[in-house]
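First the structure, in the form of structure tokens, and then the observations on it.
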Amino acid sequence: MKKRKILILCQYFYPEYVSSATLPTQLAEDLTSKGLNVDVVCGWPYEYTNADKISKTENYKGISIRRLPYSRFNNKSKIGRIINFFSLFLKFGLSIPRMLKYDHILVYSNPPILPLIPDVLHRIFKKNFSFVVYDIAPDNAIKTGATRPGSMIDKLMRYINKHVYQDASNVIVLGTEMKNYLVENRISQHPENIHVIPNWYDTSNLMDTTVYNKTFKSYRQQYKKILLYSGNMGQLQDMDTIIDFLKMNKNQSDTLTILCGHGKKFGKVQQAIKDNQINNVKIYEFLTGTDYSDVLKIADVCFASLIKEGIGLGVPSKNYGYLAAKKPLILIMDQSTDIVQHIKQYHAGIQVDNGNAQAIYDFIKTHSSEELKELGEHAYTLFQDKYTRDKNVNKYYELLKEEN
């Protein structure tokens with residue numbers, strides 16, 4: 001029997017190490033092992049890789065990868081970011097003739113204009129495609145002030161959405177709150193085609209319990225409780241509540257908070273720590289490899305946050321790793337999200353309203369290390385039930401193995 005040919009389109013892929021690269025990579029690996037023929041067209045790995053040598057084409061674990069170089073203007077500049085997006089989009093567009101041989105295309109929402117390409121193929125050549133939505137554009141950009149209603153970007157994305165959500169065989173979102181947002185805001189007219197498939201975390205790097213970084217090992221010996229925030233500190237993350245907590249907790253010398261990541265609010269957090277002379281906080285830029293797994297191992301409890309306006313526009317990706325590492329969660333976000341409902345159901349942490357730093361302080365103050373460890377066991381049970389790689393990749397496989 002002939003293998004079904006699937007093409008994945010995404011900006012980030014192996015050998016990059018951010019979650020938006022590792023998740024498509026793991027999906028491609030597992031779909032290949034299940035008998036599908038998977039190829040990938042992706043952007044060139046400029047930022048998130050330690051690889052010494054990268055080639056334009058590569059066969060990786062049976063996956064044929066084609067990498068597309070594109071412009072590298074300053075991503076912190078709005079103009080630079082837009083030019084880079086359109087540069088990459090143009091490179092994808094030039095690859096359209098190669099895409100005609102595939103049975104199905106799976107496209108990710110980064111960059112946000114990328115789904116227009118399989119949609120054009122659908123309208124002209126009747127090619128079917130699935131759309132994986134990590135962020136809902138342009139709504140996320142408008143809610144955070146990155147663009148304004150009626151702007152060129154807003155109009156372009158509204159045009160793309162009108163067709164993509166209408167034409168996609170499957171729209172895959174990370175949580176029920178995202179599905180509800182698409183339906184309630186009439187972005188999608190076909191709720192029956194929207195499938196909730198959470199992301200996952202590969203536990204292989206947690207099997208080894210050794211902490212390799214000497215500095216992180218010393219933290220574990222020095223502090224009674226360690227709190228961790230990792231990942232994006234962008235416009236959709238509620239860093240203000242976390243800053244308020246850090247100020248409130250600054251005299252608790254037996255408690256350490258580790259912050260690591262990147263994003264527009266990183267500098268703001270860093271400056272707040274300096275201005276308020278908060279000594280029981282360590283802040284790092286993006287950690288990778290054993291450094292990241294080390295901070296995950298030494299943590300007692302982990303943060304995730306979303307501003308009120310961010311609900312339904314995305315789901316924090318670090319939650320899955322926290323749960324896999326047996327860490328209870330402090331979720332600074334609305335109660336309507338799937339992860340909050342699951343945390344409550346499994347008794348694996350707490351939900352905190354935006355602005356309520358006191359609730360975080362009280363939770364840390366009143367829970368012993370042993371009690372946090374018990375909540376962490378509940379978190380791991382939740383992970384096994386809802387967020388394993390095998391369970392959620394299989395949901396993709398069921399959608400992609402044959403045409404609906």
(request) Establish, yes or no, whether a centroid distance under 6.0 Å links the rings of Y387 and Y201. (result) no
Ring centroid separation Y108 to Y12 under 6.0 Å: no
Under 3.5 Å donor-acceptor, [X] side chain and [Y] backbone:
X	Y	answer
D167	R123	no
H262	F286	no
Q351	M333	yes
N84	Y70	no
S55	T57	yes
N276	A272	yes
D135	G314	no
N280	N249	yes
D103	K5	yes
H122	K127	yes

Do [X] and [Y] meet the criterion of a side-chain donor-acceptor pair at a distance under 3.5 Å?
X	Y	answer
N392	K395	yes
T176	D338	yes
Y284	D291	no
Y322	S230	yes
D238	S305	no
Y134	N110	no
S336	D334	yes
Q277	D275	no
Q358	D362	yes

### Task
Kindly indicate, with the supporting measurements, whether the criterion side-chain contact (heavy atoms from CB on, under 4.5 Å) is fulfilled by T388 and W200.
CA-CA 5 Å; T388 64; W200 56 85; 6.0 Å; no
Applying side-chain contact (heavy atoms from CB on, under 4.5 Å) to K386 and H342, what does each step give before you reach the verdict?
CA-CA 9 Å; K386 304 286 186 182; H342 291 157; 3.9 Å; yes
Any ion pair linking [Y] and [X] (charged N to carboxylate O, less than 4.0 Å)?
X	Y	answer
D30	K34	no
D240	K268	yes
E47	R72	yes
K225	D300	no

CZ on F303 to CG on L331, rounded to 0.5 Å:
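CZ of F303 is found 11.0 Å from CG of L331.
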| field | Any side-chain heavy-atom pair of P45 and P15 under 4.5 Å | value |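 They are in side-chain contact.
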Residues L206, K326; criterion side-chain contact (heavy atoms from CB on, under 4.5 Å); working and verdict
CA-CA 10 Å; L206 297 175; K326 301 183 179 181; over 6 Å; no
Provide the closest heavy-atom pair for [X] versus [Y] in the form atom of the first, atom of the second, distance.
X	Y	result
S369	K224	OG-O, 3.2 Å
D244	A357	CB-CB, 3.7 Å
R67	Y14	NH2-O, 3.3 Å
V38	I8	CG1-CD1, 3.9 Å

- Query: Relative to each other, are the rings of H367 and F363 parallel, tilted or perpendicular (30° and 60° limits)?
  - Reply: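 If you compare the ring of H367 with that of F363, the planes turn out tilted.
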Parallel, tilted or perpendicular: which describes the rings of F86 and F89, with under 30° parallel and over 60° perpendicular?
-> perpendicular
_H190 NE2: over 12 foreign heavy atoms closer than 6.0 Å_ =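 Yes, the 6.0 Å shell around NE2 holds more than 12 heavy atoms from other groups.
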Does atom NZ of K373 have more than 12 heavy-atom neighbours, drawn from other residues, nucleotides or ligands, at distances under 6.0 Å?
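Counting neighbours around NZ of K373, 12 or fewer heavy atoms of other residues, nucleotides or ligands fall under 6.0 Å, so no.
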With side-chain contact (heavy atoms from CB on, under 4.5 Å) as the test, would you mind laying out the steps for L400 and S130 before giving the verdict?
CA-CA 9 Å; L400 299 174; S130 295; 3.8 Å; yes
